[in-house]
Amino acid sequence: MDKTYQPQSLEAHWYQTWESRGYFAPQGHGTPYCIVIPPPNVTGRLHMGHGFQHAIMDALTRYHRMLGCQTLWQVGTDHAGIATQMVVERQLNAAGTNRQAIGRDQFVQKVWEWKEESGDIITQQLRRMGSSLDWSRERFTMDAQLSKVVEKVFIDLYNEGLIYRGNRLVNWDPQLLTAISDLEVISEEETGSLWHFRYPLAAGAKTADGKKYIVIATTRPETMLGDTAVAVHPDDERYKNLIGKRIALPLCDREIPIIADAYVDREFGTGCVKITPAHDFNDYEVGKRHDLEIINILTNNAAINENAPAAYQGLDRFDARKLITRDLEALGLVDKIVPHQLKVPRGDRSGVIIEPYLTHQWYVTVQSLADPAIRAVEDGSIEFVPKNWENTYFAWMRNLQDWCISRQLWWGHRIPAWYAEDGAVYVGSSEAEVRKQHKIPAATALRQDEDVLDTWFSSALWTFSTLGWPDDREFFDKFHPTDVLVTGFDIIFFWVARMIMMTLKFTGEIPFKKVYITGLVRDEHGQKMSKSKGNILDPIDLIDGITLDELVRKRTADMMQPQLKKEIEKLTRNSFPDGIAAYGTDAVRFTFYSLAATGRDIKFDLNRTEGFRNFCNKIWNAARYVLMNCEDKPAAQVPDPQYLSVADKWISSRFEQVAADMENAMANYRFDLASQTLHEFIWNEYCDWYVELSKPVLWDAENNPAQAEATRYVLLTVLEKSLRLLHPFMPFITEEIWQRVAPLMAITGDSIMLQPYPRYDASKVDKDAEQSIEWIKSVIIAIRNIRGEMDISLGKTIDVFLTKGSPADRQRLEAYRLYLQKLAKLSSITWLEAGKKAPASATQLHGDLEILVPLAGLIDVAAEQARLQKEIGKLEGALNAVSSKLGNAKFVDNAPVEVVAKEKEKQQQMSGSIAALRAKLEQLAAI
RNA sequence: AGGCGCGUAGCUCAGUUGGUUAGAGCGCUACCUUGACAUGGUAGAGGUCACCAGUUCGAAUCUGGUCGUGCCUACCA
């Protein structure tokens, strides 16, 4: 074995072995356990969120597989409509063409080509993470079978009247030229202006204070071209007299009415609101209430259209804004322009400002779907972990808007609807089907809807469409409902809620029993990771390492805003002056587990990854030690219990407690506690103590072969069981070591991943052994403490005396003398009878037991006095607290007896210690 | 404006129904290349648990408030 752990050399090998042998597919006859992967974008790349969530899903999957469940982690990808189409369009643009030029069929063909070309990047990355996904069942949202389900669901919902086509305002992305759902609009506060314009009153009307105009305020001046009213509050005394009068809309040859509507906030601005029903959601509602004209003044790419005055036609919306402001200025109609903070809606993909835009779109009526979905969570059929996310779910579900499912894209599931010349709509699985069903003669032309469905529409069907519903029900019947969905809170609305609604509607089953909501992975400063911030990390780069230059190049490639490059480069060079080291998959995964606490932010700290890389190395070397001592010997046999040392019994006992803790942590999705438990046990108990305690036994093998044999057996078994305990979290290193350890124990299995997970076994618990080892550790630590504080090098062996302890202490000294001598580097350790005079010494206490290291030229008296003083000070502080507690009659009367007893014992213990230490001080002073 | 979360060691975080001398990892200090491991070992320093008030015999933990901070939802043109 190498002296240090080298993950690179073995990860690919083991993954390939597992996959090619079919270990990831469900097997056996245990209870089915299923997780479906939240489908990543087929042409996307792994980010830290994926890394985190997949680490968790894999731990759950491997854990249940080892528990003997028939385990399926269903894999697949989604087609990511907008994102993928954008990428291919950019490629076309770079090649000097565009999708319109090549036409729909050829464009879709190009996307498929791109999918084939790049689609395995993400799946290869999933493999690098060690994910035990069943690749034989890989699915894609645009597969024929899944598409069929999408079509069926659409048609069924339509036939039930739950899908309809409506002409309404939608969020329009003028760059991508498609509607997007309100969830895909990100509104952020930006600094803009509030323009105050004077709108002249028509027909000589005047305001209450005699002005010939009223002042309206707007954040989007260009929309004034589409104004069809000005609204005031019905009870606003300032304008009451103007209600019903008219305004001569400037720049437009048009008069518009002044209307009263309670929607107006009298406090804001001037209390007069321009109403543009075609370009504002609130105004649209006002317009409906007052039966106002709706004038659309924008083209689909947000230029001014032919409904506006000729002077502005063809101008981009922001050029029009400038020109309109200038023209109004020239007319003396600009009252003022003030800086204004406003929420600007931007498309989450394109980043451009979204326009409310009047179009025909398809909608799902969600209310009737929502009710059962709410109930499923209310009655506990579906549980969120942590539970408080249920509130978020309820809040959204109880205030649902109809879901706009059509997208003006070419990449996706085409809407199965056909239009006749007369505008009639027919929905069906194909044109032929539609003709047949509605008896439409061939002479009547039918045209299929140009649009495709929102990607989330197909994702909402994911748990049952991937499992073969409705026709091929073997897997569906076995694995649905799935056990747990692991995902981030940012898509509770997008995906989780819609999945619950659709799955209940169509299968009558919930899609999953639990929803484990993970935090969001942030950078080391708590910033959200994003391309534009330039702080993204690729989990693969943590696994393989990356040079600084390469990292900078990656972070600044394909920027939407190239001007940020310099800043990002600086930040990156600052954060990673030496690039990133190769930590290996196991260390990266373990970092994720350690951070998977209940909070909603996960600040990713590479220092922790480094710590876990070291942990891997620690495990590696512990295994090296065990193997060096056990190889070339006959396979370990269960030893006769009489040869087991106290250390052997202790570590076996401790292991059982750890197994119990693991079960508890996994049941509660506390991967942080699980990782901590494993780290603590393996490093601080097995390596630091058990391995050290085994050395005196193994080094003395010639004199006590049976004991040495027993210790080898325990070294091996606890290592082997610990590897199994650890395997769901660190699959690679555990497999590599296990393959070497298993033969020494005559274990015949092919892979650790198919071995049983260790369960708590009460018969191995040995409290006496645990207490004895605690005693041994305490005495050794006491001596080491004196060494450390007194600067006595470990190279120097010393003499130690024990005195004033109980008969049990004395027995232990005799029984465990060897351990004490070796681990504390003692030349002798002697029990001093109570009456006998001790030499001047440095002293440590363990209960009543005094541990004495004679000064004998080693120790400076003053230093020991200072050390004792410090110790006494500490104890006195603690004693004061305890004594005042016990002096309080209310405490003694009210607290449970066992608490009071405990405090009394502490008090006695501490005052005893203080007295003993004082005596030592006096003794030293007398020298 | 509502809702949710967070504030514990220099940093990243645990602390399960109120009772520990408040913990871990990293970092820091000192010493140590000893036969698994310097990606290591041993010892140590470091916290008024944001603040205030309350409940209680007892609060990091429960209640109310304040301050700071982050996110989500809805929005004022």
Side-chain angles (χ1 to χ4, degrees), chain A residues 1 3-5 187 194 216-220 223 231 263-265 267-276 280-283 340 342-343 388-389 391-392 395-396 399 489-490 492-493 520 522 524 526 528 581 583 587 594-595 597-608 610-629 664 668 670 672-673 676 679-680 683-684 687-688 691-692 695 699 781 784-795 825 874-875 877-879 881-882 885 888-896 898-900 902-903 906 910:
Chain A
M1 282 174 91
K3 202 173 165 185
T4 52
Y5 176 55
S187 289
L194 191 58
I216 57 90
T218 181
T219 53
R220 295 187 298 154
T223 62
Y263 146 75
V264 178
D265 176 0
E267 309 299 319
F268 188 89
T270 57
C272 302
V273 188
K274 63 191 270 310
I275 301 295
T276 322
D280 182 283
F281 289 100
N282 286 310
D283 292 5
H340 182 63
L342 73 163
K343 293 264 179 138
N388 42 311
W389 286 109
N391 294 329
T392 307
W396 190 69
N399 185 27
F489 59 80
D490 48 334
I492 288 179
F493 307 141
L520 215 62
R522 298 169 179 281
E524 73 275 19
K528 198 166 165 172
Y583 296 112
S594 74
L595 295 171
T598 53
R600 54 167 71 173
D601 292 327
I602 312 289
K603 275 189 227 175
F604 194 89
D605 184 358
L606 261 186
N607 290 322
R608 298 205 63 169
E610 187 179 342
F612 293 127
R613 194 256 330 244
N614 297 351
F615 180 45
C616 289
N617 192 55
K618 190 75 181 175
I619 297 167
W620 184 255
N621 275 286
R624 227 158 64 94
Y625 167 80
V626 174
L627 292 169
M628 282 166 70
N629 282 289
N664 197 31
N668 293 302
R670 287 299 303 271
D672 60 325
L673 298 182
Q676 204 186 335
H679 185 270
E680 155 86 18
W683 199 315
N684 300 114
C687 293
D688 283 354
V691 164
E692 294 307 317
K695 286 177 182 175
W699 289 346
I781 288 169
R784 283 177 180 170
N785 175 273
I786 293 174
R787 289 192 103 109
E789 300 264 311
M790 297 302 143
D791 263 350
I792 305 169
S793 98
L794 269 170
K825 296 263 179 179
K874 250 193 215 172
L875 280 167
L879 179 63
V882 172
K885 226 184 227 184
N888 182 346
K890 285 184 182 166
F891 169 72
V892 180
D893 294 344
N894 289 314
E898 61 271 20
V899 172
V900 176
K902 204 170 137 197
E903 292 297 315
K906 275 197 315 207
M910 285 190 253

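These numbers come from the heavy atoms of this one structure, side chains and all, not from hydrogens, waters or symmetry mates. Throughout, protein chains are lettered first and strands after them, A, B, ... in sequence-line order, and every chain is numbered starting at 1.
Annotation: side-chain hydrogen bond (donor to acceptor under 3.5 Å, both in side chains) contacts of T223(A) (sequence neighbours excluded): K274(A). By the side-chain contact (heavy atoms from CB on, under 4.5 Å) test, K603(A) pairs with no residue at all, sequence neighbours left out. Scored by the salt bridge (charged side-chain N to carboxylate O under 4.0 Å, His left out) test, K906(A) finds E903(A) as partners (sequence neighbours excluded). With sequence neighbours excluded, no residue satisfies side-chain hydrogen bond (donor to acceptor under 3.5 Å, both in side chains) with R784(A). Applying the salt bridge (charged side-chain N to carboxylate O under 4.0 Å, His left out) rule to D605(A) yields no partners; only residues at least two apart in sequence or on another chain are considered. Applying the side-chain contact (heavy atoms from CB on, under 4.5 Å) criterion to E680(A), with sequence neighbours excluded, gives N684(A). Contacts of D265(A) classified as side-chain contact (heavy atoms from CB on, under 4.5 Å), with partners at least two apart in sequence or in another chain: E267(A), F268(A). Every residue meeting the side-chain contact (heavy atoms from CB on, under 4.5 Å) condition with V273(A), not counting sequence neighbours, appears here in chain and number order: V264(A), I275(A).
When the P atom of U73(B) is taken as reference, atom CH2 of W396(A) falls 11 Å away, rounded to whole Å. Rounded to an integer number of Å, the gap from L342(A) CG to A77(B) P is 6 Å. C26(B) atom P lies 12 Å from atom CD of E680(A), rounded to whole Å. As rounded to whole Å, 11 Å separates atom C1' of U21(B) from atom NZ of K885(A). Atoms CG (D265(A)) and P (C75(B)) sit 15 Å apart, rounded to a whole Å. Between the P atom of C26(B) and the CD atom of Q676(A) lies a distance of 12 Å, rounded to the nearest Å. At whole-Å resolution of the value, CZ in R522(A) and P in C13(B) are 11 Å apart. Rounding to whole angstrom units, CD of residue E903(A) and C1' of U21(B) are separated by 11 Å.
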Give the table of side-chain donor-acceptor pairs shorter than 3.5 Å for residues 611-618 of chain A, with sequence neighbours excluded, one pair per line with atom names and distance.
| residue | atom | partner | partner atom | Å |
| --- | --- | --- | --- | --- |
| N617(A) | OD1 | Y5(A) | N | 3.0 |
| N617(A) | OD1 | N621(A) | ND2 | 3.4 |

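Within the nucleic acid shown, K343(A) comes within 4.0 Å of at least one base atom, counting heavy atoms only. Here A895(A) lies in heavy-atom contact (under 4.0 Å) with a base. At the heavy-atom level, R670(A) lies under 4.0 Å from the strands shown only through sugar-phosphate atoms. Counting non-hydrogen atoms under 4.0 angstrom, S793(A) reaches nothing in the nucleic acid. Among the heavy atoms of the strands lying under 4.0 Å from L673(A) are primed sugar atoms or P, OP1, OP2 only; no base atom is included.
Side-chain proximity of N894(A) to C57(B), A45(B), G25(B): nearest is C57(B). Taking the side chain of N607(A) as heavy atoms from C-beta on, and the options U73(B), C26(B), C71(B), the nearest nucleotide is C26(B). Comparing A14(B), A77(B), U20(B) against the side chain of K902(A) picks out U20(B) as the nearest. Checked against U20(B), A77(B), C57(B), the side chain of N888(A) finds its nearest nucleotide in C57(B). In the set U20(B), C57(B), U21(B), the nucleotide with an atom closest to the side chain of L875(A) is U21(B).
Spacing of P atoms, U69(B) relative to A30(B), comes out at 38 Å, to the nearest Å. On the P atoms, G23(B) is 30 Å away from C32(B), given to the nearest whole Å. Across the C1' atoms, C11(B) and G3(B) are found 31 Å apart, a figure rounded to whole Å. Using atom P as the reference point in both G25(B) and C31(B), the two lie 22 Å apart (nearest Å). Rounded to whole Å, the C1' atom of A14(B) lies 27 Å from the corresponding atom of C37(B). To the nearest whole angstrom, the two P atoms, one in A60(B) and one in C49(B), are 7 Å apart. On the C1' atoms, G10(B) is 36 Å away from U55(B), given to the nearest whole Å. Across the P atoms, U63(B) and G7(B) are found 14 Å apart, a figure rounded to whole Å.
The residue among N664(A) and P896(A) whose nearest nucleotide of RNA chain B is located toward the 5' end is N664(A).
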Output one letter per nucleotide in nucleotides 5-12 of chain B: B when a protein non-hydrogen atom lies under 4.0 Å from the base, S when only the sugar-phosphate is that close, - when neither is.
S------B
Heavy-atom contacts, protein to nucleotides 35-43 of chain B, under 4.0 Å, summarised as B (base), S (sugar-phosphate only) or - (none) per nt, yield BBBSBSSSS
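Listed for the N629(A) side chain is a donor-acceptor partner under 3.5 Å among the backbone atoms of Y625(A). Although no hydrogens or angles enter the test, the distance criterion places a donor-acceptor pair under 3.5 Å between the side chain of D283(A) and the main chain of T276(A). R787(A) places a side-chain N or O within 3.5 Å of a backbone atom of K825(A) that can act as its donor or acceptor partner.
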Given pairs defined as Watson-Crick or G-U wobble with both distances under 3.5 Å, what dot-bracket annotation applies to RNA chain B, with ( ) intrastrand, [ ] crossing, | other strand and . unpaired?
(((((((..((((.....[...)))).(((((.......))))).....(((((..]....))))))))))))....
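Scanning all heavy atoms of the two residues, the minimum distance from W389(A) to I492(A) falls at CE3-CD1, 3.8 Å.
Using a 4.5 Å heavy-atom threshold, the side chains of M1(A) and M628(A) count as separate.
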